[in-house]
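Nothing here was measured: the structure is a model prediction, and the numbers come from that model.
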Amino acid sequence: MTVDIPSLPTTFDRPVHIAVIGGTGLSNLPGYHPVAALTPTTPWGSPSSPILILEHSGVPVAFLARHGLHHQLAPHEVPARANIAALRSLGVRTVIAFSAVGSLQEEIKPMDFVVPDQIIDRTKGIRPFTFFEGGVVGHVGFADPFDSGLAGVVARCAAAMKGDGVTLHTGGTIVCMEGPQFSTRAESNLYRSWGGSVINMSALPEAKLAREAELAYQMICMATDYDCWHTTEDVDVAMVMKYMAANSENAKHLVGAVLDELCKHENSDLVLAKQWAGSAQSAVKFMTKPAGRDPEAMKRIEYLFPGFWDE
C-alpha cells in the first residue's frame, strides 16, 4: 500500500491516543488504512512530517516519520519538540518509537529486537531538549526513561515475529550519541565498558520531551550491525539498510501486534498515561514564581497543557 498523502483529508475530529514514531515502511501496516494527514503548527514549529492517521477496527493511530517523509533530516535536525507537542495536541498519550540501532553486545545479533529500559546521553547540547525554558522552569524526573507498562506489552507481543533465531531482548541500556557520524572504535569499546547494550542517534531528546509532556513512551530497537567494536566488518549505511530491509516485515508484525494489544479496553489506563498525569505540571507550577514567568513561555506551556494557568 502506497499512501497518497495529498489526497487525504487534512482534519480529523476525534482524539488519537496512540502514536508511532518511526521510519520508512512502518506506516504501511496490514489491516490499517489511512484516514487523514495532519500538519499541526506548534509554538516550536512544524513536525518532521505530516502526521498520518491510520485506523484499524475503528481505533485511530498516529504515525510520524521522525526524519521526514524522505529521510531528509539528520538526527540533530529532527524537530523533536514540535513532534512531541504536535502529537500531544491531537490527544496522544502513548508513544511507541521505533529505531535502528547498533549492537554493543555479542548476544544482541543483527536483526534482533531490544526493548531498552535505560539511556545514556551522549548528545552534545546541539538539539533543543526541553519545553521548560525562557521564563518557565521545570525539573522532571527521568530516572526510568521508558514506560515499564508499555515495555511489558511489547515483550508479550514477541511471538508475532517470524523466522528462526529472531529474538526480542527485554531491558538494556541504549546509548544515544550525537552523530551523524558513527562511533570511533575507542568510543564503541568505551560504551561497552559502561554496560551499553545498543547505540543510536534518535532516543534523545525525544524520550525526555515525552516525559515532560506526560506521555508514556517506549522505544523498540532493531539491531542492524555490531557498531565498530566487533571483529566483523565495520558499520556503514549499506549494512544498516540491508538488515532493515531484510527484517522490515518482522518490524511491521511486532508493531502491529503491539498496537492491537494497546487498543484493547483493558489497556486504556496505560494508553492514557494516567501514571504520568500531573508529573510535569507540578514540577513547573511550583518552580518559577509568578513574578518571574515570561508571558510567551507561559503561552507555550498552555499549548502543551490547555488550562494550565487557570486557577
Side-chain angles (χ1 to χ4, degrees), residues 21-23 66-67 71 73-78 80 95-130 141-148 150-151 154-155 165-211 217-244 246-247 251 254:
I21 299 177
R66 180 188 290 113
H67 294 282
H71 205 107
L73 298 172
H76 65 280
E77 295 176 318
V78 172
V95 174
I96 299 294
F98 190 87
S99 177
V101 298
S103 169
L104 295 171
Q105 301 298 331
E106 186 80 45
E107 65 271 16
I108 301 174
K109 306 178 301 297
M111 296 182 66
D112 281 2
F113 290 83
V114 181
V115 185
D117 58 5
Q118 279 298 324
I119 302 177
I120 294 174
D121 189 350
R122 285 286 292 160
T123 61
K124 298 177 180 178
I126 297 169
R127 316 171 186 196
F129 51 84
T130 183
F142 199 58
D144 296 301
F146 299 107
D147 188 279
S148 60
L150 293 180
V154 176
V166 178
T167 302
L168 186 143
H169 304 265
T170 56
T173 298
I174 182 167
V175 178
C176 184
M177 62 179 290
E178 184 61 55
Q181 303 83 5
F182 293 118
S183 303
T184 68
R185 216 175 305 279
E187 288 169 335
S188 192
N189 281 298
L190 175 65
Y191 303 148
R192 279 171 46 77
S193 75
W194 288 351
S197 306
V198 294
I199 183 167
N200 81 349
M201 306 174 191
S202 301
L204 297 172
E206 194 172 272
K208 288 184 176 180
L209 293 166
R211 180 61 52 83
Y217 178 94
Q218 180 63 52
M219 181 165 274
I220 301 174
C221 304
M222 189 181 81
T224 57
D225 56 83
Y226 275 121
D227 203 41
C228 61
W229 65 270
H230 204 271
T231 54
T232 57
E233 57 185 324
D234 294 343
V235 59
D236 60 19
V237 171
M239 181 189 299
V240 171
M241 296 310 294
K242 179 180 76 172
Y243 282 111
M244 281 293 290
N247 215 18
L254 179 57

Checklist line | Residues that Gln181 engages under side-chain contact (heavy atoms from CB on, under 4.5 Å), provided they are two or more places apart | finding: none
Item checked: Test item: Ser103 side-chain N/O and Ala223 main-chain N/O as donor-acceptor pair under 3.5 Å -> no
Checklist line | Minimal non-hydrogen separation, Leu168 against Ala155, with atom names | finding: CD2-CA, 4.2 Å
Check: Between Glu206 and Tyr217, is any side-chain donor less than 3.5 angstrom from a side-chain acceptor?
Finding: yes
Notebook entry, point to check: Just by modelled atom types, is the Leu73 backbone N or O under 3.5 Å from a matching donor or acceptor in the His67 side chain?
Noted result: yes
Note to self: Run the side-chain contact (heavy atoms from CB on, under 4.5 Å) test against Ala80 and tell me which residues pass, sequence neighbours left out.
What the structure shows: Pro205, Leu209
Check: Are the side chain of Gln218 and the backbone of Ile96 linked by a donor-acceptor contact shorter than 3.5 Å?
Finding: no
Check: Between the main-chain N or O of Val78 and the side-chain N or O of Arg66, is there a donor-acceptor pair closer than 3.5 Å?
Finding: no
Margin query: Could you tell me if the side chain of Ile119 sits less than 4.5 Å from the side chain of Leu204, heavy atoms only?
Written below: yes
Checklist line | Euclidean distance, Asp112 CG relative to Thr224 OG1, rounded to 0.5 Å | finding: 11.5 Å
Margin query: Quick test of your reading: applying side-chain hydrogen bond (donor to acceptor under 3.5 Å, both in side chains), list the pairs with at least one residue in residues 114-123, sequence neighbours left out, ordered by first then second residue.
Written below: Gln118-Asp144, Asp121-Thr123, Asp121-Lys208, Arg122-Tyr191
Item checked: Residue pair Cys228 / Arg185: nearest heavy atoms and the distance that separates them -> O-NH1, 2.8 Å
Next item on the list: Compare every heavy atom of Ser188 with every heavy atom of Leu104, then report the nearest pair and how far apart it is.
Entry: CD2-OG, 3.8 Å
Checklist line | Working for side-chain hydrogen bond (donor to acceptor under 3.5 Å, both in side chains), residues His230 and Glu106 | finding: CA-CA 8 Å; His230 204 271; Glu106 186 80 45; 3.0 Å; yes
Item checked: Phe113 and Leu254, any side-chain heavy atoms less than 4.5 Å apart -> yes
Next item on the list: Verify, without hydrogens or angle tests, whether Trp229 (side chain) and Leu190 (backbone) share a donor-acceptor contact under 3.5 angstrom.
Entry: no
Note to self: Distance check, rounded to the nearest 0.5 Å: Ser99 atom OG versus Ile220 atom CD1?
What the structure shows: 11.0 Å
Check: Backbone N or O of Gly196 within a donor-acceptor pair of the Thr173 side chain at under 3.5 Å?
Finding: no
Check: Distance from Phe98 atom CZ to Ile21 atom CD1, nearest 0.5 Å?
Finding: 13.5 Å
Notebook entry, point to check: For the residue pair Cys176 and Ala203, what are the closest heavy atoms and their distance?
Noted result: SG-N, 3.7 Å
Next item on the list: Measure across Asn200 and Met219 and return the closest heavy-atom pair with its distance rounded to 0.1 Å.
Entry: ND2-SD, 3.7 Å
